[in-house]
Amino acid sequence: MKASYVVVMSVLLGLLLGAGITWARFGNPPLSPLPHDIEGSAAQVAAAAPKLWIDQRSHDFGAIERDIEVRHVFHIKNTGQGTLTLREAGTSCSRCTVAEVDRTEVGPGESANVTVAYMPGDQSDFRQKALIVTNDLNEPRIELGITGRVTTRYEVVPPSLVLSKISATETRRAEVRIFAFFSDSLEVVSHEFAEAETASFFEAKILPISPEQLAERKAKSGCSVELTVKPGLPLGPFRQTIRLQIRLSGTEETPTIRVPIAGIIDSDISLVGSGWNADAGRLAIGDVKISEGTTRRLLLLVRGAGRHEVTIKPVSREPDWVKVTVGEPSELSSGAVTQIPLTIEIPPDAPPANHLGTEQGKYGEVILETTHADIKQIRMYLQFVTVP
Amino acid sequence: MRMDPNMTGRLFNRLGGLLTAVAASLVLGCGSNNSPATSQTAAERTAIDGHPTPVGEPMFDPAVQTVAFTEKTARRLESAKPKFDPIAENGKYFEGWPKPKLALVISGSQDGYLEPCGCAGIENQKGGLSRRYSFIKQLEVQGWPVAAVDVGGLVRRFGRQAELQFNMAAEALKLMNYGAVGFGPADLRLSTGEVVAAVAGEKPEDSIFISANVSLLDLTPKFRIIEAGGLKLGVTAVLGSEYQQQVNNNDVTITPAAEAIKSVLGKLKKCDIKILLANATTEEARALAKQFPEFDLVVEAGSADIPAAQPEKIAGTKARLIELGHKAQYVIVAGFFETRNADQPLAVRFQRVALDSRYPDAKPMKQLMANYQSQLQQLGWQELGAKGVPHPRAQKGDPLSGKFASAASCKECHPTAWGIWNKTDHAHATETLVKVDPPRQYDPECISCHATGWNPSEFIPYVSGFDSLEKTPQLAGNACDNCHGPGRAHVAAEKGDDRAKRDAEREALRLTVDFARDNVCAKCHDHDNSPEFDKPGKFEKEYWPKVEHGGE
C-alpha cells in the first residue's frame, strides 16, 4: 500500500475520531421535551408520565417576629403513572430562605413535602421564592412563594434623619418616633449625642405620642423625640448620632437605639437651574446661534432669618453685551425660602465670541452684588460660544 | 513462523507513522479549548508566571502583576463550574404574546443601585441601568411600541455621591425615553439645586419628573400625558404620607396625596389609560387605588424584595396594583392589546422581567458610568463627604490605637499567614477596581471593601485608612487590619518593653473563624455583593479554605 494512502487514511480517521469526541463533549445539547409527539406514541408517553399536584403555591405568614424562623410545608402528590422526581433548585435569598424536599422520587399515588424556612431580618414586608424542578413536562419548574410582614419589639420611624440644606443661621427641627408593639409602656431612660465635638448644637426633647399615631402604627405604646439643630454649625456636611436608651414594660431589657443624623449646612444664598454647576460656579450654555440668541433662567434661593431684606443687583458683565435681569422675589410655598428669578440672555446678533474656558477664550463672567450681611458678592462664570 | 525482518521493519515504520498521524489529527479534530488559559498572549503568560514580590518592596507595584497564581487558580475553578443560565434560572419572557399595541415598561425603587456589583459574578445578579436600557431597546427592535414610567426612588443615600447618582440615573432615564418619573423620599432629601439641574430642562414644565403633591421650588409639573402606540397615557405621581416623614427640606413643599390627586384627575379624563405612580407603602397605595377607581394601574414602592409575578386586582375597582421589588432588579411590562369589545377596547397582560445577564451591557449607559466615575475622581474623598473618622478601637491618650499598619508590617512576624493572604483575592482587591472598565477605585461605595481602613457599611474611611494608590499603596488590597482590627499599636507593642501592653494588643487582634464568619466577613460579603456567602456550607467548604491561615 502506498505510504501516501496510509497518511491520508490516518488523517481522515484521526479527524473523524477527534470531531466525534468534541461533538460528544460539547456539541450535543440536551433534548428539550417534545411538545407534541407522533400520534399513538404520545398517548403511550402520557400514560406513563408523572403528574404533579400541589396544595398551594404561595403562603402568607402574616405578621411574624424578627429573628424567629418560620416554616411552611407545601404538600405535593404524584397523580400520574410514572415516577415524579423533585429537586430543590435554589431560593431567592440564600441568606434568609431555605427549601428542603423530603424525597426526590415520588411514585404514583405517593406524596412529598417541601418545607420552606424563612429567617426574618431587617425587612418589613417580604416576599421570597423557592424553585423546585420536576420531571413533569407540564410543570418542569414550580415557584413556591412566601410572604409576610416582620414586626419587632420596637420600631424607630424614620430610622435615620436627613436634614437637607440648613442655613447657617437657621434653627431646624425634626421628629423621630419610637413605637413598641408588645409593651404597654415605653420610656426613654437617657439620651446623648455621640459626636462630642458638635453635640452642643443639638437638642432633644422627649414628648408623648398621640393615641391616633399609635393606632395608625398598630403599636401599644411609644414616644416622640423632637430634635433641634441650632445655628452655628460650620458650613458643609455634618454627621451626628443620637443614642436613646429605652425601657419597655414587661421586659428587663433597656436597649439603646442609635439614630444617625446627617445634613448639610449651606450658605444662605444659592443658585439653582438647568446647566448650573454649583461646584465650579459655572453656567454651561453651550453653542448659541448668533441669529437666535438664547436665554437661561435660574433661581436665586435665599434662606435665613433676614432673607426678606436681601436684594440682588448685577454689577459687572463680561462680555458687556450679555444681559442680566433680576426678577421680583417671591416666597416658596414651604415658607422658609425666598426665590429670586435670574435671567441670563445672550441676545440675537451678538458678535462672534468664544467663552468656552479654553485657550481660545476664557469664560464669560457675571458678578452680582447682594445686601446680605455676610455674602456680599456672587460670581458666575458663563460657558458659551456664539456660532453663525 | 518467523517474519522477514525487512517486512517487520517496514510494518513497524508504517504503524508508527499511522499512530503519529492519528494522534496529530485527533488534536486537530478536537478543536481548540476556549478556556482563557490557553488563549493567553505570551505577555500575559509571562506576567502570570511572573516574580513574587521581593521582601521589603511595596506590596502593590502596578508595573508587576503579582495576581497570577490566584487568577490562574480562579480561572480553573471558574471553568469547572457549571455556566450560569439566566433563562433556566428566571424563565423565558413574553411566551405566547402577540405584538401589543403598547408595551409599558414600569420600574422604580432603584435605591442607588446603578448596576449589579459584579463581585460575586455579575452573571448571577440582577438589575442595573445598562441591562434595562438593553431590554427596552430589544423590545423596540422587535417592533413593539414602548413607553416607560418610573415610580421614583433613584437613590437611597444622602450627600454628594448620591447627588451624582441621581444625576446619572436621571440622564439614563432620559436616554431610555422615559415619559414620567416620580420622586422617592431619598430623592427629595438631596440638594435641591442638584435635583433641579438634573430634572429640569430649559423649560421646567417639560420635565419628565412629575408629582401631584410634591413641589420642588414650585417648578414640578403635576402630571404628564404620554402618547405612544396610538394610545394616550395620563400619568400622575404622589409621595405617600409615611414616606413624607423622611423628607426634611425647606425647598420642597408636600401636600396630602389624596387632595392633590383630586386636583389633577380631571386633566387625565380623556386618556385611554390612567396611571398613578404612588411612591407609598402598599397599604397606602391600595387605599388610594380604592379612593380613586379611575386609575387603571397603581404603581407602589413599598413591596417586598421580589415583586409579584402578576399584579393584584384591587377589589371594587378596575385597577391593578403593580409591585416592583427593590433595587430595580425587576421591571414589570404591561402589554395593552386591542379587543373587539366596544365596552372594553383594551385588554392587558403583565410580564415580570428580571433584568438578568441575558441582557447585555449598553454602550450609552457605560459612557454615563464612565462620566460618573470621572466625577467621583475629580471631586475626591473630601468633597464626597468621605472624611476620615476615628476607628471604634481608637482610645484617647494612645495615638497609635485605631491606626492601620499595612500587610507589609504584618509580614515581618507572620510570614506564613502573609504568604497565604498574598495569594488570595483579598490581596488584589484594589487592583480589581483599577482593572474594571471604567475603573472604580475613586468610588467610596467600591473602595470601602476593596482597600484597607474603610468602614464598609458607611462608605467612609477611618483615620489612617487607604487614601489612594499614589499616597497609600501599602494599604491597597483587603489586608490583615480589615479583619483583625487596626494593627499599628500591636506592631509598636511588639517592639517595646511593656509586656502587658503587648499581650493586650495581641488579644485585641485575635480572631476566631466562628467570630469572623458571623461578625466580620459579612460586612463585605453581604447579600448585595456576595449572595451565596450565607448558603449553608458555603463558608466552610468554599470561602474559608481560600483564605485559611493561622498566626504564623
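Worth saying up front: this structure is predicted, and the values here are computed from it rather than measured. The chains referred to below are lettered A, B, ... by the order of the sequence lines, with proteins before strands, and numbering in each begins at 1.
Side-chain N/O atoms of B/Asn248 and A/Arg172 include a donor and acceptor closer than 3.5 Å. Side chains of A/Glu345 and A/Thr295: a donor-acceptor N/O pair is absent below 3.5 angstrom, by distance only.
Using cut-offs of 30° and 60° for the angle between ring planes, the B/His525 and B/Phe533 rings count as parallel.
Contacts between B/Ile460 and chain A at a heavy-atom distance below 4.5 Å involve the side chain alone, from C-beta outward. Heavy-atom distances place both the backbone and the side chain of A/Leu332 under 4.5 Å from chain B. Of the atoms belonging to A/Arg173, it is backbone heavy atoms, and not side-chain ones, that fall under 4.5 Å from chain B. Looking at A/Val162, the atoms closer than 4.5 Å to chain B (heavy atoms on both sides) sit in the backbone and in the side chain alike. Heavy atoms closer than 4.5 Å to chain A are found in the backbone of B/Val252, but not in its side chain. Looking at A/Ile166, there are no atoms closer than 4.5 Å to chain B (heavy atoms on both sides), in backbone or side chain. Of the atoms belonging to A/Leu131, it is side-chain heavy atoms, and not backbone ones, that fall under 4.5 Å from chain B. Looking at B/Gln382, there are no atoms closer than 4.5 Å to chain A (heavy atoms on both sides), in backbone or side chain. Interface remark: B/Ile254 contributes no atoms to any contact with chain A (heavy atom separation under 4.5 Å). There is no contact between A/Glu175 and chain B, counting heavy-atom distances below 4.5 Å.
Considering only heavy-atom pairs separated by less than 4.5 Å from chain B, the leading option among A/Pro158, A/Ala336, A/Gly263, A/Ala262 is A/Gly263. When the candidates B/Asn249, B/Thr192, B/Leu217 are compared by the number of heavy-atom contacts under 4.5 Å with chain A, B/Leu217 comes out ahead. For the set A/Arg303, A/Arg141, A/Glu170, the entry with the most heavy-atom pairs within less than 4.5 Å of chain B is A/Arg141. The candidate with the highest count of non-hydrogen atom pairs below 4.5 Å against chain B, out of A/Ser164, A/Gly148, A/Gly90, A/Gly275, is A/Ser164. The candidate from B/Pro185, B/Ala308, B/Ala186, B/Gly91 with the greatest count of non-hydrogen atom pairs under 4.5 Å with chain A is B/Ala308.
Residues passing the salt bridge (Lys or Arg N to Asp or Glu O under 4.0 Å) test with B/Glu242 are A/Arg217, sequence neighbours excluded. Taking the side-chain contact (heavy atoms from CB on, under 4.5 Å) definition, one finds that B/Thr282 meets it with A/Asp125, B/Arg286, B/Glu300, B/Leu321, sequence neighbours left out.
A salt bridge links A/Arg57 with A/Glu139: at least one charged nitrogen is closer than 4.0 Å to a carboxylate oxygen. Electrostatic pairing of A/Arg239 and B/Glu458 counts as a salt bridge here, judged by a charged N lying under 4.0 Å from a carboxylate O.
At most 12 non-hydrogen atoms from other residues, nucleotides or ligands lie less than 6.0 angstrom from CD of A/Glu216. By the 6.0 Å contact criterion, CD on A/Glu69 is enclosed, its count of non-hydrogen atoms from other residues, nucleotides or ligands being greater than 12.
Between the side chain of A/Arg297 and the backbone N or O of A/Gly273 there is no donor-acceptor pair closer than 3.5 Å.
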